[in-house]
Amino acid sequence: MNIATAANGHVTAHDDHDHAPKGMMRWLTTTNHKDIGSMYLWFSFFMFLVGGCMALTIRSELFQPGLQIVRPEFFNQLTTLHGLIMVFGAIMPAFVGFANWMIPLQIGASDMAFGRMNNWSFWLLPPAALLLVASMFVPGGAAAAGWTLYPPLTIQQGMGMDMAIFAIHILGISSIMGSINIITTILNLRAPGMTLMKMPLFCWTWLITAYLIIAVMPILAGAVTMTLTDRHFGTHFFSAAGGGDPVLFQHIFWFFGHPEVYIVIIPGFGVVSQVISTFSRKPVFGYASMVYAIAAIGILSFTVWAHHMYTTGMPISAQLYFMYATMLIAVPTGVKIFNWTATMWRGSLSFETPMLFAIGFIFLFTLGGFSGLVLAMAAVDVQMQDTYYVVAHFHYTMVAGALFSAFAGLYYWLPKWTGHMYNEKMGQLHFWLSFVFFNMTFFVQHFLGIAGMPRRIPDYALQFTEFNQISTIGAFGFGLSQLLVVYNVISCMRSGEKAPAKPWEGAEGLEWEVPSPAPHHTWEVQPIIK
Amino acid sequence: MSLPEKPPRKAGLLMIVSAVMASFLGIRRRNDYESDAASLSLGQVVIAGIVGGIVFVAGVVVLVKVVMANLTSGN
Ligand code: HEM
Ligand SMILES: [Cu+2]
């Protein structure tokens, strides 16, 4: 792709001329996509640390068989909140933060389409997070039914469950508004000449993700609302005692849930594509194929949900259907791995931190895809369902997949956001420590799962001890390694070397044509793309 | 891109179908997509994609039917 801009339209000199309020009011009232993007990113990183502390408590309890550190009830609250916070409070907002910062810059728009709605989307998040965290301190404690919120547990638990339901409603509204903003911005505010098929892949992946979010968040909202009315208003949607059906919940949840896992990963595909292309100094191999494949995944991801429910009970023919369909839609996902590899093929590669995370992503996400295929086989899954094998699978896709791609994007665009370079050595150290400790934590969980260790249980049989100890040590190593990125980002902002407008030799795209740090207002005059 | 501007042709059914099938596989040749980009509208693609999804589901259901028939007739 060859983007040439005519006379650059950005304004540098008279930067902050809108008499915006100062201090806290600036952040409360801002409609600027960069401010809001930064708030999303800080928020999600904070939630990542909160969810991480919960994970470390879980792993501490699992260091030895028997109960040492937490009560079983609290253990279940921790697994539930960890899941909810990481998915809805860390990963999803992180990518919305990337979207806010980068989409207007990449398509040559001066801001997001709906500035005030954007502000509201963000400010809904802290109350939701507060609800989730505060629910640990109410009578009965937080929701403890697992992030999948299956009845009948959800119908029986205390007010912590109501708080979780309310939090999910708020988070859902926030994501939907964010998506409306992203879609409108991409469809209506592109610079003249920036056709859809010239857009950077990050914009494409977000366009498709945003549609998915609008399609499925209401489904989740419906499911938890039905749970709420079952709890308080005398309905019996999911209660067998009243003629309802708990299995119905599972169907609704996973009809949301499987597209949701793609919501989590697809923006990461976009980031990784751009990073791989930059550090291979070649355009993305098969740009069109990527767009087509991601669009196809957007549609087909609605057709495979019950691969999460093989053990719930269904006819053999249904098991076969979900097994075949799941395996078939792994094909467009697999093709992308080839595209990234082919992008690197004969490129002139260099291995700065973003590239390391992107390559780590390809490598480990592929493993996660393979364990997914193993689980997709109904006959195998009846052994593995609800064991640590599943835990290993989804951490390979969500941590080594989504989180690593977020780190790739963070290091890649940090110079553009802050105007300073991060410390490259420390970034690489962060990658290698994360890579090693990630595998130490989660690879052994495949073995635990195959050997039959169930998930979401605070105690285990003696023969699982060694692998659990390895996993716990790995988890602490992984958690501590994340302090490096905190330090690196803060010292980059304070005192990093000055970054040029385009710090990466092979980078392409409009975002590199504005100075670093990107001024408060960019593309007030839209660039013309030839 | 400096391709000579062709007048966009109107997309035939075959072309839409081949674009959707290519997307399900995840592979599209550059020339093909450039002509897609020139002649397919977003609305067409979305509708064709949803229809394609339905056809995909129906196809897998038929496959399951065939397999099940063979399973039960075999013993
Ligand atoms: C090749 C692609 C994939 C296949 C074939 C696949 C298949 C599966 C299957 C069959 C299960 C159910 C296992 C069980 O409960 O027994 C599962 C669980 C899960 N997968 Fe995947 N998956 C794939 C990709 C992904 C991706 C990209 C993500 C997220 C980024 C993801 C996240 C999850 C999660 C979170 C669960 C567990 C949900 C839970 O029970 O709490 N998967 N996957
Ligand atoms: Cu799934």
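In this text the structure is predicted, and so the values were computed from the model without any measurement. In the text below, chain A, chain B and the rest are named by the order of the sequence lines, each starting its count at 1.
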**OP:** Look at the rings of F269(A) and F365(A) and say which category their plane angle falls in: under 30° parallel, 30 to 60° tilted, over 60° perpendicular.
**Re:** perpendicular
**OP:** Go through the atoms of A295(A) and report whether side chain, backbone, both or neither lie under 4.5 Å from a heavy atom of chain B.
**Re:** neither
Subject >> Interface moiety of I297(A) toward chain B, non-hydrogen atoms closer than 4.5 Å >> reply: neither
Original post:
Between the side chain of K336(A) and the main-chain N/O of I294(A), is any donor-acceptor distance below 3.5 Å?
Top reply: no
Original post:
What option among L300(A), V335(A), L196(A) has the most heavy-atom pairs under 4.5 Å with chain B?
Top reply: L300(A)
Original post:
Between the main-chain N or O of A376(A) and the side-chain N or O of Y310(A), is there a donor-acceptor pair closer than 3.5 Å?
Top reply: yes
Original post:
What are the two closest non-hydrogen atoms of I208(A) and V291(A), and how far apart are they?
Top reply: CD1-O, 4.3 Å
Subject >> Toward chain B, the part of L320(A) with a non-hydrogen atom under 4.5 Å >> reply: both
